[in-house]
Amino acid sequence: MDGLTGNSNFPNPPFDLAAFKAEVETFASTIAATIDGGPRATVAKNKQRIIVIKMMRQLGHWVEANCKDDLSILKSSGFQPHSMTRTPVAPLQGPPSIDKVVNGPNSGQVLIRVKPRPNALSYILRYAPVAGADGKPAWVELTPFTNTRSVTVNGLTPGTTYLFQVRALGRTGYTDWSDSVTRMSM
């Protein structure tokens with residue numbers, strides 16, 4: 001408001017600035033009314049917020065269209081330019097870890113808890129018997145999951161010791177596999 005009032009770069013705003021100021025003041029009063037008011041006060045505040053947002057968007061688009069791509073003219077309106085530079089997404093820092101492995105209620109079943117990683121989108125768990133025929137584990141991957149509290153692995157052979165590993169998927173791809181955790185299936 002202050003930047004546009006009397007600004008020669010923006011002589012004809014799309015609506016009366018005094019009317020806009022009145023709508024903003026009404027919105028401020030509806031905010032104050034919600035402190036002691038009930039649901040009706042909140043509804044009134046939300047309706048007034050929509051009015052003010054629409055007016056601000058209209059005003060912002062008008063200023064952008066009339067600033068002639070000159071940053072100093074844009075800033076003289078009171079609006080600030082929005083950066084178009086995106087901050088690159090950082091990869092997840094290190095793999096997740098398996099917090100706990102316990103035998104499930106059924107034979108050949110284990111329950112696994114994964115310690116979550118910040119910003120992980122999902123996780124993949126894999127398991128294999130400890131001793132493969134060629135000395136290399138024959139990994140079986142489960143479908144991706146997001147609930148890290150309890151992941152159930154079924155169909156294990158009772159009395160066989162298994163290796164379990166997990167990795168996380170972030171916006172830039174997968175982490176490495178976690179350290180192996182071993183557990184004998186019952």
Side-chain angles (χ1 to χ4, degrees), residues 27-28 30-54 56-57 60-61 64 79-186:
F27 179 52
T30 60
I31 291 172
T34 58
I35 295 171
D36 296 327
R40 288 185 183 172
T42 302
V43 168
K45 176 196 68 160
N46 291 341
K47 285 181 180 179
Q48 190 63 29
R49 179 191 308 133
I50 291 169
I51 292 169
V52 170
I53 288 173
K54 284 182 180 180
M56 289 183 76
R57 282 187 179 144
H61 289 299
E64 182 181 17
F79 282 93
Q80 294 298 313
H82 178 72
S83 173
M84 298 303 287
T85 305
R86 291 189 170 204
T87 304
V89 177
L92 296 176
Q93 297 298 313
S97 60
I98 295 175
D99 219 14
K100 189 177 187 181
V101 180
V102 295
N103 287 312
N106 301 322
S107 180
Q109 182 182 66
V110 295
L111 305 174
I112 299 174
R113 178 179 290 171
V114 174
K115 186 174 183 180
R117 300 288 307 158
N119 302 320
L121 302 173
S122 65
Y123 301 87
I124 292 183
L125 183 78
R126 70 179 182 178
Y127 66 92
V130 169
D134 61 357
K136 294 182 181 178
W139 293 106
V140 176
E141 285 188 16
L142 299 180
T143 58
F145 60 92
T146 56
N147 180 3
T148 59
R149 290 186 201 133
S150 182
V151 179
T152 304
V153 180
N154 293 305
L156 303 176
T157 305
T160 303
T161 302
Y162 287 89
L163 300 169
F164 298 94
Q165 291 182 328
V166 66
R167 69 179 178 172
L169 173 65
R171 295 197 185 279
T172 59
Y174 284 102
T175 63
D176 291 333
W177 288 101
S178 67
D179 292 334
S180 295
V181 174
T182 58
R183 180 72 180 197
M184 181 182 286
S185 174
M186 297 291 180

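More than 12 heavy-atom neighbours from other residues, nucleotides or ligands sit within 6.0 angstrom of CD on E141. For D99, the CG atom is densely surrounded, since the number of other residues' heavy atoms within 6.0 Å is greater than 12.
Considering all non-hydrogen atoms of both residues, V114 and P96 come closest at CG1-CB, 4.2 Å. P129 and A138 get closest at one heavy-atom pair: CD-O, 4.2 Å. What you find for F145 and V166 is that their closest heavy atoms are CZ-CG2, 4.3 Å. Residues R149 and N147 come closest through the heavy atom pair N-OD1, 3.0 Å.
Shown here are the side-chain contact (heavy atoms from CB on, under 4.5 Å) partners of A128, two or more places apart in sequence or in another chain: P137, W139. Judged as a side-chain contact (heavy atoms from CB on, under 4.5 Å), and not counting sequence neighbours, the contacts of V140 are Y127. Taking P118 as the reference, nothing meets the side-chain contact (heavy atoms from CB on, under 4.5 Å) condition, with sequence neighbours excluded.
Taking CZ of R117 as the start and OH of Y123 as the end, the distance is 8.0 Å to the nearest 0.5 Å. Rounded to the nearest 0.5 angstrom, I35 CD1 and K45 NZ are separated by 10.0 Å. One distance of note links CD1 of I98 with CD1 of I112; it measures 5.5 Å at 0.5 Å rounding.
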Pair up each side-chain donor or acceptor in residues 152-163 with any protein partner under 3.5 Å, not counting sequence neighbours, and list the distances.
| unit_1 | atom_1 | unit_2 | atom_2 | d |
| --- | --- | --- | --- | --- |
| N154 | OD1 | Q109 | NE2 | 2.7 |
| T160 | OG1 | T157 | O | 3.4 |
| Y162 | OH | T157 | N | 2.8 |

Hey, can you pull the donor-acceptor pairs under 3.5 Å for the side chains in residues 46-53, sequence neighbours left out?
| unit_1 | atom_1 | unit_2 | atom_2 | d |
| --- | --- | --- | --- | --- |
| N46 | OD1 | R49 | NH2 | 3.3 |
| N46 | ND2 | T42 | O | 3.4 |
| Q48 | NE2 | E23 | O | 3.0 |
| Q48 | NE2 | E23 | OE1 | 2.6 |

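Using a 4.5 Å cut-off on side-chain heavy atoms (C-beta onward), L92 and N119 make contact.
Evaluation of the side chain to side chain donor-acceptor pair (under 3.5 Å) test over residues 164-186, restricted to residues two or more places apart or in two chains, returns R126-Q165, Q165-S180.
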